[in-house]
Amino acid sequence: MDDHTTLSTRMPRTSLAIVVGVTALLVAGLLGTVSANRAALVGTATGVVLALSLWLSGWDRWQAVGTVLASVLALPVAVGLSVATGGTVVSLGAELFPAASQAAIRPAVVTLLSQVFVVLGCLTAVFGATAATRGVVDTERVETYGGVVVRTTVVPFAVALVLFTRGAVDFLQSNAGTPGVQQLTGEALTRVLGPVFDPVPGRTHIAIFSLLLALAAAALARGVDSLPLAELVPETSDAPDLGGTVDAVERTLRWTGRLALLVAPVAGLFELGLGQESMAALLPRVLYDFIVAVTAAPGLRGLLWWLFLSGTAVSVAVWFLRRTVQSSADRVGTVLAPYVGGGVITLGVVAVAGPAVDAIETALRTTPAAAAVEQLFVPILDVYGPETVTLALAVVALFFVVGAVGQLWVALATSYLRERTAGVTLAAAGLFGASAFAATLDPPTWLVLVGLIGAVVVWDAGSFGMTLGHEVGTGAATRRTEIVHTGGTVAVGGVGAAATLGFSSVARGSIAVEPSVAVAGLVVCIVAVLALVAAIR
Amino acid sequence: MHRRVRRWSGGLAAALFLVSVSLLTAEPLLLAATAIPLIYVAYGALSRLPAGTDLQAARSVSDAQPTPGEPVAVELTLTNTGSSSLTDVRVIDGVPEELAVVEGSPRLCTSLRPDESATLSYAVMAKRGTYTFDTAAVRVRTLSASDEVTVDLPVAGDGSLTCSNTVSEVPMADATLPRAGTLPTDTGGSGLEFHSTRSYQPGDPVNRIDWRRYAKTDELTTIDYREEQAVRTVLVVDARPPAHVTPEPGFPTGAELSAYAAERLFDALSRTSVVASVCAVGLAEADVPGGLGPDGLAWVDASGGHAAAHARQVFDSVGRAAARQSDTDTADDADASEDESPQQPRGEAARVTTADGGTIEDPDLLAVLARLPPTAQVVVFSPAADDWPVSLVSSLAVRDYPTTLVSPSLARGDSLGAAVASTERAARLQRAELSGATVIDWDLDSPIDVALRASLADLFSV
C-alpha cells in the first residue's frame with residue numbers, strides 16, 4: 001500500500017458532503033454577522049466563479065472553449081473581488097463614519113477590517129470547497145489559469161494605455177494643466193507635435209512632410225508586401241495579373257519613400273537657409289502656393305499618420321497569422337482565446353462605461369471620501385472620459401486577480417499548499433480566519449466556536465477523504481470509517497469548545513485591565529504552551 | 001511498518017493566528033479559543049495504536065479452475081481478533097498483476113470491533129495460466145489518523161487461480177473426421193482406389209502390373225491408383241501488435257484467443273494422422289524460448305521431435321507477448337518493430353501479388369508464404385483487427401492453398417467504437433470469404449469447440 005498508486009485522487013462522497021455541507025452552513029452563519037450583505041453575496045459568488053474558471057482553464061475536452069470562457073469570466077472574478085473588498089469598505093465606511101469621537105475611530109476601523117476579512121475568508125472558503133469537489137487546485141492548472149488571465153489583461157491594458165496616453169497628451173497640449181511641470185510638459189509636447197500634426201499655415205513644411213511621407217510609404221510598402229495577395233488570386237489564364245500590379249504598387253511606394261527621404265534634408269536646408277521670402281521668389285507662384293497648401297494641410301498629415309499606423313498594423317497582423325497557421329487548430333484556439341476574451345471584456349467595459357462610472361461615483365459620494373470624489377474622481381473623469389476610467393479600473397481589478405492567482409501558485413509551487421488537499425486547506429483556512437475575525441463583531445459565542453471547530457472538521461474530513469480516495473479508491477465502501485473519524489474530530493472539538501468557554505469566563509476583561517502587562521504575560525504563556533506541545537510531539 | 005503522520009501540526013499555526021488576532025482586536029474570547037487548535041495538536045500527538053492489535057484474513061475463490069474470459073468471484077474476509085476496536089482498517093487484496101478486476105474493488109476501508117469481520121467482494125477476469133494471490137496489504141490508523149501501521153497480512157484459504165483448459169481434458173470425439181489424416185488427390189500412384197492404366201516403365205512395382213492384360217495381350221501395363229497423401233496442415237497464429245486488441249480490460253486479447261483456438265485444433269489434429277505445423281507471426285525474439293527463425297517466424301514443424309512440446313511453447317509465447325504488449329506503451333512497440341525489421345526481407349524485389357492483382361510488401365506475410373510447403377492446408381487464426389489476415393488469405397488463394405480463417409469476434413458492448421470495429425471486421429471476413437477461404441466466425445459466447453466442430457468436416461474434405 002504505497003502512496004504512489006495511480007488511483008483517482010477524488011475524495012469519497014461522504015467526506016465531500018461533509019466538506020461542502022459544513023462550509024455552506026458556516027459561510028451562511030458567518031455572513032450573517034456582516035452588515036454589507038450585497039458585497040458578502042457577491043464575494044461568495046466570486047468564490048464559485050473563480051473555481052469554475054480554474055476548472056474551465058484545464059478542460060481537456062474543449063480546450064479552446066474552456067479557455068475563452070475562463071478568459072471572459074476573469075472580469076466577473078475581478079469585479080467580484082473588488083466588490084468583496086472595496087464594496088465592503090465603501091458600504092461600511094458610509095455606515096461607521098464619521099465617528100462620534102476620536103476614541104470611536106479605532107473600534108470602527110477594527111470592525112471595518114474584520115468585516116472585510118470575514119467576507120474574504122468566506123470567499124476563500126467557498127472557492128476552496130467548490131474547487132475540492134473536482135480537485136481543480138493544482139500547480140499546472142493554476143499556472144495555466146494565471147497565463148490566461150495575464151493574456152486576457154493584455155488587450156484591455158493596451159487599449160487603456162492608448163486611451164490614457166491620448167487623453168493625457170490632449171490634456172497637456174490644451175494647457176489646462178496647473179502651472180509648473182504639467183504646463184511645461186504641455187508646452188514641450190506642443191512644440192514637438194505641433195510641427196508634425198498641426199503645422200503653421202501660410203508657409204512650406206517640405207522637410208517634415210517628406211519625412212512623414214517616407215514613413216507612411218515605407219510602412220504601406222511593408223504592409224502590402226506582407227499580404228498574401230499573390231496566393232489568393234486563382235492561377236487561371238484569364239485571371240488579372242494581380243501579382244504584377246502589387247509589385248508595381250510596392251515598388252512605387254518604396255521609391256516614393258526613398259525619394260521623400262532624400263528630399264527631406266535638402267528641403268530642410270533650403271527652408272532654414274533661404275527663408276520663406278526667398279523661396280517664394282525662387283519658385284513660380286503657382287508651384288509655391290501648391291507646396292504650401294499640400295505641406296501645411298493638417299488633414300493630409302493626419303491621413304499620412306493613419307496610413308503609417310495601418311501599414312504597421314497590417315504587417316504585425318499578417319506576421320501573427322503566419323505564425324499561428326503553423327500550429328494546430330486547438331493550440332491556436334487556446335493561444336488566441338484569451339486575447340479574444342480580452343477583446344470581449346474591453347468592448348463590454350466600454351459599452352457599460354457610462355452607467356458603471358455613475359454607479360461608482362454615487363457609491364463613493366455616500367462615503368466619508370465624498371470630498372475626494374469631487375477633488376480627484378470628477379476631474380479625472382473630465383480629462384480621460386468614462387471609457388478610459390472604467391477600463392483602467394477593470395485593468396486594476398484584473399491585476400488583483402493576477403496577484404491572487406500568483407500567490408496561490410507560489411503557495412502550491414513551494415508546497416505550502418499540498419496539491420492533493422489544496423482545496424480543503426483553503427476552505428478550512430478561509431473559515432478559520434472568517435470565524436476568528438467574526439469574533440470581533442459581537443456574534444453569539446457559539447457561532448465563533450462552531451466556526452473554528454467547523455473549519456478544523458472541514459480540513460480533517462477533506463484531507464482524510466483525499467488520503468482515503470488515494471489509498472482505497474472511491475469505488476470501495478468507506479462511509480462507516482469516514483463517519484467514525486469525523487465523529488471523533490467533532491468530539492475532540494467539543495472538548496476544546498468546553499475548555500474555551502471555561503477559559504473565557506476566567507479571562508473575561510483581562511486584556512482591558514492592563515494591556516501591556518497582560519499582553520506580555522499572555523504571549524509568554526502561549527509560547528510556553530506551544531513549546532510544551534512541540535516537546536510532547 | 002509503523003509511521004507517525006504529522007497531520008495536526010497546523011494547529012500550532014492556527015493557535016498563533018488566534019493569539020495575533022486576539023491581541024490585535026483585544027478580543028479575549030479568541031485568546032481562550034486557542035484551546036481548540038491546541039487540543040487538536042494534543043489529540044494528534046497523544047493518539048497511539050492500541051497494543052495487541054491483531055487481524056486475520058481468509059480468501060475464497062468461487063471457481064478455482066475457470067475457463068478463459070470468465071469472471072471469477074473472490075471474497076476476502078478480515079477479522080479483528082485483537083482485544084480493542086480498530087476505527088480505521090484499510091485492506092488491499094493481493095490480486096495477481098496479470099488478472100484484471102472487472103467487478104467491485106479489491107480494496108476496503110472499515111471500522112472493526114473486536115471479533116467483528118468485514119468482507120471484501122470483487123471479481124477478476126480469468127486468463128490462461130496459474131496465478132497466485134499475494135498477501136493482503138493492511139493499514140491500520142488511529143482515530144486521529146496520526147499513527148499508522150502497515151503490514152502484509154498472510155491470507156488463509158484459496159491462494160491461486162488456475163485456468164488451463166486444454167483439449168486433452170475436453171472430449172472432441174465429434175470433431176474427429178471420417179477419413180482423418182488423408183487427402184485424396186487427382187494424381188495416380190500407389191493407393192487403394194483405381195485411377196488409370198499406363199504402359200509399363202522399368203522400375204514400376206511388380207504388384208501394380210496388370211497381369212491379366214499381360215496374359216491377354218502380352219503387353220506390360222501398370223495400374224495407377226488414386227494417390228492418398230497425408231494431409232499437411234499449417235496453423236498460422238496472428239500475434240502481431242494489431243492483434244493484441246481486447247474488448248475490455250482484463251479480457252484475453254485477440255492474439256491470445258487465436259492461440260487458444262489454434263492450440264485446441266492442434267491437439268485435435270495431433271490425435272489423428274494429420275501432420276500439423278504451427279507458425280506464430282509477430283512475436284519478438286525474447287518471447288520465444290530458443291528465439292525465432294531467421295525469417296522472423298516462430299515455426300514448429302511436425303517432423304521434428306517433441307513437436308507437441310515445441311508447439312505448446314509457441315502458444316505460451318503468444319501469451320507472453322500479450323503481457324509484454326500491455327506493459328510497454330505504443331512508442332516502445334514502434335521501436336521494437338523497427339528493431340525486428342532488418343532481418344526480414346523488404347523492398348522492391350520482395351513484392352508479392354494478391355488475388356486482386358495488387359502487391360504487398362509486408363515482411364511477415366512474405367516470410368509465411370516463403371516458408372509454406374507446396375502442398376498444405378492453411379488455417380489462419382486472427383481477430384482480423386487489420387487487413388493483414390485478409391492479405392494473407394488472398395495471397396494463399398492465389399497459390400491454390402486450401403485456406404481457413406478462424407477469427408474470434410472481439411466486438412463487445414454497444415459503444416460506437418465497438419460497432420465500427422465490428423463492421424470493419426465483418427467486411428474483412430467477407431473479403432476473405434470472397435477470395436476463396438473458409439471463414440469461421442467464432443462468437444466468444446459459444447465455445448471454440450462448437451465453431452471448430454461445425455467447420456472441421458469442411459476443412460478436411462477438400
Side-chain angles (χ1 to χ4, degrees), chain A residues 1 5 7 12 110 114 425 432-433 436-437 439-440 445 448-449 452-453 455-456 459-460 463-464 467-468 471-473 475-478 480-482 484-485 488-489 492-493 495-497 499-512 515 519 522-523 526 529-530 533-534 536-537, chain B residues 4-12 14-47 87-92 104-111 118 120 122 137-139 141-145 150 152:
Chain A
M1 196 185 289
T5 42
L7 274 173
V110 167
S114 295
T425 308
F432 199 84
F437 281 105
T440 62
T445 309
V448 177
L449 297 181
L452 293 175
I453 296 168
V456 177
W459 170 81
D460 180 57
S463 59
F464 183 78
T467 314
L468 201 57
E471 288 181 354
V472 181
T478 55
R480 187 176 170 188
T481 312
E482 288 169 82
V484 167
H485 177 82
T489 309
V492 173
V495 175
T500 303
L501 290 174
F503 291 141
S504 177
S505 60
V506 174
R508 194 173 297 281
S510 64
I511 294 181
V519 165
L522 283 169
V523 169
I526 290 294
V529 169
L530 294 181
V533 170
I536 291 172
R537 294 175 73 248
Chain B
R4 296 287 303 170
V5 184
R6 295 187 171 185
R7 66 191 298 267
W8 292 101
S9 50
L12 295 174
L16 277 174
F17 173 73
L18 284 181
V19 171
S20 315
V21 177
S22 158
L23 296 180
L24 193 75
T25 60
E27 181 56 53
L29 177 67
L30 290 181
L31 202 61
T34 48
I36 293 174
L38 289 179
I39 208 156
Y40 276 113
V41 175
Y43 169 56
L46 299 174
S47 158
T87 54
D88 182 354
V89 183
R90 300 173 190 194
V91 58
I92 303 179
S105 167
R107 297 163 180 248
L108 174 77
C109 177
T110 186
S111 306
L120 163 66
Y122 61 94
V138 176
R139 180 172 282 176
R141 276 192 169 87
T142 58
L143 190 60
S144 68
T150 310
D152 287 332

| said: At a 4.5 Å cut-off on heavy atoms, which part of B/Thr34 comes close to chain A: side chain, backbone, both, or neither? | reply: side chain
| Portion of B/Leu143 that has a non-hydrogen atom of chain A nearer than 4.5 angstrom | both
| Which bit of A/Val492 is near chain B, if near means a heavy-atom gap under 4.5 Å: side chain, backbone, both or neither? | both
| CZ on B/Arg90 to OG1 on A/Thr467, rounded to 0.5 Å | 6.5 Å
| field | When B/Ala15, B/Cys109, B/Ser105, B/Pro106 are compared by non-hydrogen pairs under 4.5 Å with chain A, the top option | value | B/Cys109
| field | Heavy-atom proximity to chain B below 4.5 Å, by part of A/Leu501 | value | neither
| query | What class does the angle between the rings of A/Phe432 and B/Phe17 fall in, given that below 30° is parallel, 30 to 60° is tilted and above 60° is perpendicular? | reply | tilted
| Once you round to the nearest 0.5 Å, how far does CZ of A/Phe437 lie from CD of B/Glu27? | 12.0 Å
| B/Ala145, part contacting chain A, at a heavy-atom distance under 4.5 Å | both
| task | Answer with side chain, backbone, both or neither: which region of A/Thr425 has an atom nearer than 4.5 Å to a non-hydrogen atom of chain B? | result | neither
| request: Give, as side chain, backbone, both or neither, the part of A/Val456 having an atom under 4.5 angstrom from any heavy atom of chain B. | output: side chain
| message | If I measure from the heavy atoms of chain A, does B/Leu30 come under 4.5 Å with its side chain, its backbone, both, or neither? | response | side chain
